[in-house]
Amino acid sequence: MKRIAQTVLMILLLALASPAVHAQNATVAVDNTTIFYVVTGFVFIIAVLVLIVSVVVLQLLKTFVRQQAEQLAAERGEVYVEEEGLWKKFWDKINDFRPVEEERELVLDHNYDGIRELDNHLPPWWKWLFYVTIIFAVVYLAAYHVFDTLPLQEEEYMAQMEAAEEAASARMASLPESNIDESNVVMVEDAGLLSKGKQVYNNNCAQCHKDTGAGGIGPNLTDDYWLHGGSIQDIFRTIKVGVPEKGMISWEPLLSPDQMQNVASYIITLKGTNPPNAKEPQGELYVPEIIPEETVEADSTQAVAKL
Ligand code: HEC
């Protein structure tokens, strides 16, 4: 008993310790959901503890009461007979069989190679279960097929598809309208956007262009030579429309304009990094236009775009 109690305590302590360990690893600030889970977890653990303690106390109480009753009976010179508990009564009732002593009355006059058959009745729990299924079938039939109060599978499916479509269009409507295309795309400099671009690149492009941009199935993206032009607009367009006949798909259906702008900008940052095992240059040398100082000040977005 003591050992069991110790084990239970250990498990609970470990369970308590684990969220704390996770919390230390997390770099993000603790948000409301985390607090909710931690609090719920604590409440749950405490509830379990209370339950265990109550069961133990009840058992102790029961033993104590029985001892008292036995003592009392002994003093009176009687033999203490424990009253049947509710559970025991219920158990006997659902498993009610005609006892072995009545075998003589139950036996059928079949005799197969010495194996005889008894005609005992079915266990009550089995019969109750059977009655429940009959009631269930009637309710089910009425609810689904007679009164149409509950939706059938197909209706349910249609309703869910409709809800999903609504949710999708609501999401589309809530997205900021992005009108970035190859005519107005600019090189983004923001570190956050570039790291988003890097993520898009690693997830979608690295398998053909290598994570360093050194090139593999696709060309080297770190040199000054380009098959389809090396300006931000050119790169954006190549990503958007792809070169399907050469194995580079159009990414327009898969990436948002912002994502394409970010990944195109990220590719430009790879220029001149000279990664190991780089693929030999392909295409033509691309030299960025040199923009005079005044123009840069006059129209900085334009200047950035030309980079
Ligand atoms: C299945 C392989 C594959 C994947 C994935 C792939 N590319 Fe390509 N990519 C290629 C090939 C092949 C070419 C060369 C096309 C040609 O020969 O004209 C290419 C060309 C390019 C070019 C033009 C290079 C130049 O020299 O003009 C750019 C830019 C580019 N890819 C960017 C990307 C980006 C960004 C992604 C991810 C969103 C990506 N690629 C994913 C295979 C791939």
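Residue numbers count from 1 along this sequence.
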Expected output: side-chain Thr212 to main-chain Pro275 donor-acceptor under 3.5 Å: no
Distance in Å, Thr238 OG1 paired with Met260 CE, rounded so as to fall on 0.5 Å steps: 11.5 Å
Where Gly230 and Ile235 come nearest, the two heavy atoms and their spacing: O-CD1, 3.7 Å
Side-chain donor/acceptor of His209 to backbone N/O of Pro219, under 3.5 Å: yes
Heavy-atom pair with the smallest gap, counting every atom of Leu270 and Gly213: CD1-CA, 4.2 Å
Shortest non-hydrogen separation from Trp128 to Ile94 and the atoms involved: CZ3-CG2, 3.0 Å
Single hit among Thr222, Leu221, Asn220 for side chain to side chain contact (heavy atoms under 4.5 Å, CB included) with Lys279: Asn220
Close side-chain approach of Glu280 to Tyr225, heavy-atom, < 4.5 Å: no
Partners meeting salt bridge (Lys or Arg N to Asp or Glu O under 4.0 Å) with Asp148 (sequence neighbours left out): none
Residue list, salt bridge (Lys or Arg N to Asp or Glu O under 4.0 Å) with Asp234, at least two apart or on another chain: Arg237
Nearest-0.5 Å distance that lies between atom CG in Asn204 and atom CG in Leu254: 7.5 Å
side-chain hydrogen bond (donor to acceptor under 3.5 Å, both in side chains): pairs with one or both residues in residues 100-115, sequence neighbours excluded: Arg98-Glu102, Arg98-Glu105, His110-Glu117
Candidate pair Asn262 and Leu194, rule side chain to side chain contact (heavy atoms under 4.5 Å, CB included), full reasoning: CA-CA 6 Å; Asn262 295 342; Leu194 285 175; over 6 Å; no
Nearest atoms (heavy-atom pairs only) where Ser265 meets Val186: OG-O, 3.9 Å
Expected output: side-chain Asn184 to main-chain Asn179 donor-acceptor under 3.5 Å: yes
Nearest non-hydrogen partners of Tyr144 and Pro151, listed with the distance: CE2-O, 3.3 Å
Over all atoms of both residues, closest heavy-atom pair of Pro253 and Ser250: CD-O, 3.3 Å
